[in-house]
Each structure stands twice: as C-alpha cells, then as structure tokens.
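Shown next, in structure tokens, is the structure this report addresses.
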Amino acid sequence: MQTLPPPSLQWCLFLDVDGTLIELTDSPLDTFADPELKTLLSHVAERLGGAVALVSGRSIHYLDALFAPLRLPAAGLHGVERRKASGVLHGASFVDTQLDAARTAVRALLQAHPGTSVEDKGRTIAVHFRMAPQSEAAVRQALAAIAKPLGNNYHIQEGSMVLELKPRGFTKAGAIKAFLAEPPFSGRTPVFVGDDLTDQDGFRWVEDRGGVSIAVGDRVHGQFRLDNAAAVRHWLLAIAALHDSHHA
Ligand SMILES: [Mg+2]
C-alpha cells in the first residue's frame, strides 16, 4: 500500500466515527470518546480553519453527546441528517412514522434471535448482530421481508455486523458534496477516512474530485490505508502539528 500523502493545510477532512476514530465495540451503545480524542479533533479543526466534519451512521444527536462539549459540523444517519459549519441543521432528527410497522416487526425479530440488538435512530432502524453472528442469514432475510412493504423509498444499508433500514437517496457522498459547496470546506481538497461499506461511495466521490480516500482496516478499499483507529489518531496528530510555514 502506498505511503500516505503529507498532510496539508489545504485539506478539509471528512471523518467516519465508529471503526475509524473509535474502535468498534461489541455493543454499539458502549462507544466512548476519550478526552484526548476530543482535544485532538478540536486542534485539527483549528488547524484546518474549521473544515473538519464527522460523517457517520450515528445520529447527530448521538455524535454531539459522544464528543461533548465538541460540536463539529456533522452528517448523521449516513447523510440523512447534516449540520453545516454555520450550525444550520438539515433533515433534523424526527421519528419517521412510516417505519412504525417495521419497528414492531424488528422487535419480534430480536426476540427470535438472542444476541441481536436494535438501534432505532428515528429515521433509520439498525439491527446489530455482532454478538450473534450465527443469526446473520436469518436477520438478513427477515429484514428484507420487513423492508418490502416500504417500497423503493427505503433500502437496507450494509455495515459491519449490522443491517440498517434507511430512506434511499441519502449517502455519505451526498453529504460530503454538500459540505464542499459551502465554507469553510469549499476550495479545499477533500480527504475522507472511513472503514466500512457505507463509506465506499464517499471514497469514490472524493477520488473523482482529486481528493484523498483513506480506508481504515481491510474491509473496504481506498487509495491509502491506515491499520486501525490508533493509526488514524497518529495521522491526525501530524495534521494538528502543521505550521503555517508548511503552507505552499
Ligand atoms: Mg465506521
């Protein structure tokens, strides 16, 4: 794998969270951001003129709680929600009642498959099976049946030991594109770091625009690779340490 390009003050960063900034945990609710990570992210954001956004499958509400008191620009639910650098929120959290029948059906699904868990994010419903890998095929089949009556406006997003029912047409690539049209991101080179299948459209999008894609681990392919969340932090430290004299 190629050596990563030297960090630049001309970059803007788009960072996935789970599996990228923070190692995956057995339960999605055990996720914890340590103070060092928060400090590091705020330093990096400062160095890049505020052009750092979290691009996650989590809700923005969850990301704010996870990184408090830090409130970075963020895309949540794989692009369904987005908070611009100005603080304006698009697609703000609400509970999608069109998913109510699916909610009920998913509860029955969980009872049939001990170890599986649900993460109801209001506009999306994620079913995790990291603790019940043997149930993957059954969960996949059941969720497809649950999604069917919702028609083409919803689809199932694949992830690492997770399947998520979400509205179609929202992607991380779409969120990155929207950020790049606005200050402080516009005019900068987009760099996207992620670890999972939901990050791949974002990788291709930044690559097509002369940006940089960095895959964490070996689940997905980017132009460059970092081994794990610890390696991502090490890489972020180099950006935080950039000086204006490096400015080309
Ligand atoms: Mg991830």
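None of these values were measured; they are calculated from a predicted model. Side chains included, hydrogens not; waters and symmetry mates left out as well; all remaining heavy atoms used. Whatever order the structure lists them in is the order used to number ligands and atoms, beginning at 1.
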Margin query: I'd like to know if the Mg ion (ligand 1) has an N/O/S atom from Asp196 within less than 2.8 Å of it, counting both backbone and side-chain atoms.
Written below: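 Not a single backbone or side-chain N, O or S atom of Asp196 is under 2.8 Å from the Mg ion (ligand 1).
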
Next item on the list: Give a yes or no on whether Asp195 keeps an N, O or S atom under 2.8 Å from the Mg ion (ligand 1).
Entry: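 Yes - counting backbone and side chain alike, Asp195 has an N, O or S atom under 2.8 Å.
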
Margin query: For the residue pair Ser117 / His128, report whether a side-chain donor-acceptor contact shorter than 3.5 Å exists.
Written below: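 No, Ser117 and His128 have no side-chain donor paired with an acceptor closer than 3.5 Å.
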
Check: With the Mg ion (ligand 1) as the point of reference, which N/O/S atom of Asp18 is the closest?
Finding: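 Sorting the N, O and S atoms of Asp18 by distance to the Mg ion (ligand 1) puts O first.
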
Checklist line | Name of the Asp16 atom (N/O/S only) found closest to the Mg ion (ligand 1) | finding: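 Nearest N/O/S atom: OD2.
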
Notebook entry, point to check: Got a second to check how far Leu242's CG is from Leu9's CG, nearest 0.5 Å?
Noted result: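 Going from CG on Leu242 over to CG on Leu9, the span is 4.5 Å.
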
Note to self: Distance check, rounded to the nearest 0.5 Å: Phe203 atom CZ versus Phe14 atom CZ?
What the structure shows: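 The distance works out to 13.5 Å.
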
Item checked: Cluster check Val216, Val55: I/L/V/M/F/W/Y, side chain < 4.5 angstrom ->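 No, separate clusters.
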
